[in-house]
Amino acid sequence: MPKNNYIATATGRLTAFVNDALSRSLETIRIARAAHTLLLAGITTSDDLIQQVISFFVQKQRPDGGWSDPEETAWAIGCISLVRGQEDIAVQSALQWLNDVRKHDGGWGVHPRDQARIRTTALISTLVPKAIKNEDIDWLLNEWRKDFSGPVRLSYKAGFFLLAMPSGRDAELIGKTTKHLAEDQNDDGGFAPWKGHPIGSDPWSTGVVLWGLSRWGELVDRTVLERALDWLQKTQLQSGYWPYHYLDDGTSLALIGAVSAMKALAANE
C-alpha cells in the first residue's frame with residue numbers, strides 16, 4: 001500500500017499522541033484505539049512505543065480480566081493479540097471476561113449493565129473474533145434488519161454491521177446495505193450519520209463506513225471509496241488530525257478507514 005502524504009502525516013500525529021498519552025496515563029481506550037490504528041497502518045509490533053503500550057495495558061488490566069468496559073477491553077486485547085498472539089494470558093483472561101458479560105441473547109453493550117449495541121458488538125467481532133459466538137452474529141443480523149427497515153438508517157451502524165458480518169450470512173442484506181451506503185454518500189464524498197445531516201460529513205462516520213465497505217470491496221463501486229478518500233485528504237488539518245470533537249478518536253477511525261479502503265482498492269484492481 002503506498003504511503004500517501006496524508007496517511008503518513010496522520011500516522012505521525014497519532015504516534016505523537018500515543019507518546020503523550022502514555023506520559024500522562026490517559027484513558028486506556030484512547031491509547032488502545034490509537035495504537036491499534038498505528039498497527040493497522042504499518043507500525044511494526046517490535047516498535048519501542050508499541051511495546052510500551054502493551055506493558056501499559058497489562059498493568060491496567062483488572063483482576064477480573066477486563067478493562068473499564070467491553071469496548072475498551074476489545075481495543076486493548078486487539079492490540080495485545082496483534083503483538084503477543086491469541087494465546088497470551090492477558091488475552092485469555094479478557095476473553096473469559098467478555099464471555100461473562102455477554103448479553104443473554106448475544107452481543108455486548110457500552111457497559112455490562114447496558115443493552116446490546118451494534119457498535120460495541122461489531123467492534124468486538126472485528127477486534128476480538130475469538131470472542132464471537134453464533135448468537136452474537138444472529139443478534140447483529142436481527143438488530144440491523146430492524147434498523148434497516150426503520151425511518152433512519154445511520155451510516156455508521158451500517159458500516160459496523162458490514163465490518164462484523166462473516167461470509168455466508170445473509171448475502172442479500174449485506175448487498176442491500178452496501179448499496180444503501182453508496183446512495184447515502186454526501187455530495188462532497190464524505191459520510192455523515194445520514195445523507196443531508198445538518199452537521200455534514202465528518203471523519204469518524206466516514207472512517208467507519210470505509211472500514212465496513214472495505215470488508216466487502218468486491219460489492220462496492222470503486223468511486224465510492226475513492227471519493228471518500230479524496231474527502232479525507234481535503235479535510236485533514238495541517239497538524240495531521242481530522243476535525244472532530246475528540247481529535248484522536250476521529251483521526252483514528254478516519255485513518256483506519258483510509259488504510260482499509262486503500263487495501264480494498266488495491267485488492268480489487
Side-chain angles (χ1 to χ4, degrees), residues 1-61 67 71-95 123-131 163 203 207-208 210-212 214-215 217 225 229 232-233 236-237 239-242 246-269:
M1 183 188 69
K3 201 71 165 180
N4 294 52
N5 286 340
Y6 78 103
I7 298 299
T9 303
T11 301
R13 171 47 57 191
L14 284 181
T15 299
F17 167 77
V18 172
N19 264 307
D20 179 63
L22 283 173
S23 71
R24 295 193 286 144
S25 294
L26 295 184
E27 299 96 320
T28 297
I29 189 170
R30 296 178 67 186
I31 298 172
R33 187 170 51 221
H36 197 97
T37 302
L38 291 174
L39 287 165
L40 294 181
I43 298 295
T44 63
T45 57
S46 61
D47 186 275
D48 286 345
L49 178 61
I50 295 299
Q51 292 300 318
Q52 291 175 44
V53 164
I54 299 303
S55 296
F56 177 84
F57 293 162
V58 172
Q59 292 170 13
K60 293 291 184 180
Q61 189 172 22
W67 280 263
E71 182 174 343
E72 184 172 87
T73 299
W75 283 111
I77 62 174
C79 280
I80 295 172
S81 297
L82 289 175
V83 176
R84 293 188 176 180
Q86 294 282 343
E87 302 308 314
D88 185 83
I89 188 171
V91 175
Q92 293 303 308
S93 181
L95 285 171
L123 277 171
I124 292 172
S125 175
T126 304
L127 301 172
V128 198
K130 286 190 71 173
L163 191 60
V208 172
L210 281 177
W211 198 9
S214 297
R215 171 78 175 76
L225 303 183
L229 286 170
L232 286 174
Q233 184 170 12
Q236 186 183 35
L237 301 173
S239 65
Y241 282 125
W242 274 275
Y246 287 105
L247 291 171
D248 54 289
D249 186 8
T251 300
S252 292
L253 271 298
L255 184 53
I256 289 175
V259 169
S260 299
M262 288 178 181
K263 290 179 179 177
L265 287 169
N268 291 285
E269 285 181 346

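Taking every heavy atom of both residues into account, Ala258 and Leu229 meet most closely at CA-CD2, 3.6 Å. For the residue pair Leu210 and Gly257, the shortest heavy atom distance occurs at CB-O, 3.5 Å. Val18 and Ala34 make their closest contact through CG2-CB, 3.6 Å (heavy atoms, listed as atom of the first residue, atom of the second, distance). Minimum heavy-atom separation, Leu225 to Ala264: CD1-CB, 4.3 Å.
Rounded to the nearest 0.5 angstrom, Gln236 CD and Leu232 CG are separated by 8.5 Å. In this structure, Gln233 CD and Thr9 OG1 are separated by 10.0 Å, a value rounded to the nearest 0.5 Å. Atom OG1 in Thr126 sits 8.5 Å away from atom CZ in Arg215 (nearest 0.5 Å). Between the NZ atom in Lys263 and the CG atom in Leu40 there is a gap of 6.0 Å [rounded to 0.5 Å]. Atom-to-atom distance recorded for Thr45:OG1 and Leu38:CG is 13.0 Å, nearest 0.5 angstrom. Atom CD1 of residue Ile31 and atom CZ of residue Phe17 lie 7.0 Å apart, to the nearest 0.5 angstrom.
For Thr37, the side chain to side chain contact (heavy atoms under 4.5 Å, CB included) partners two or more places apart in sequence, or in a different chain, are Leu14, Ser252, Leu255, Ile256. In this structure, the side chain to side chain contact (heavy atoms under 4.5 Å, CB included) partners of Asp47, at least two apart in sequence or on a different chain, are Ile43, Thr44, Leu49, Ile50. Under the side chain to side chain donor-acceptor pair (under 3.5 Å) criterion, Arg30 pairs with Asp248, sequence neighbours left out. With sequence neighbours left out, the ring-ring contact (aromatic ring centres under 6.0 Å, His included) criterion links Trp75 to His36. Qualifying salt bridge (Lys or Arg N to Asp or Glu O under 4.0 Å) partners for Asp249, counting only residues two or more places apart in sequence or in other chains: Arg33.
Distance alone, capped at 3.5 Å, places no donor-acceptor pair between the Glu72 side chain and the Trp67 backbone. Judged by distance alone, the side chain of Trp242 and the main-chain N or O of Leu253 form no donor-acceptor pair under 3.5 Å. A distance-only check finds no donor-acceptor pair linking the side chain of Arg13 to the backbone of Tyr241 [under 3.5 Å]. No side-chain donor-acceptor contact under 3.5 Å links Asp20 to the backbone of Ala16.
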Counting only pairs under 3.5 Å, give me each side-chain donor-acceptor contact of residues 76-95, with atom names and distances, residues two or more places apart or in other chains.
{"from": "Ser81", "atom 1": "OG", "to": "Ile77", "atom 2": "O", "distance (Å)": "2.7"}
{"from": "Glu87", "atom 1": "OE2", "to": "Lys130", "atom 2": "NZ", "distance (Å)": "3.4"}
{"from": "Asp88", "atom 1": "OD2", "to": "Ala90", "atom 2": "N", "distance (Å)": "2.9"}
{"from": "Gln92", "atom 1": "NE2", "to": "Gln86", "atom 2": "O", "distance (Å)": "2.7"}

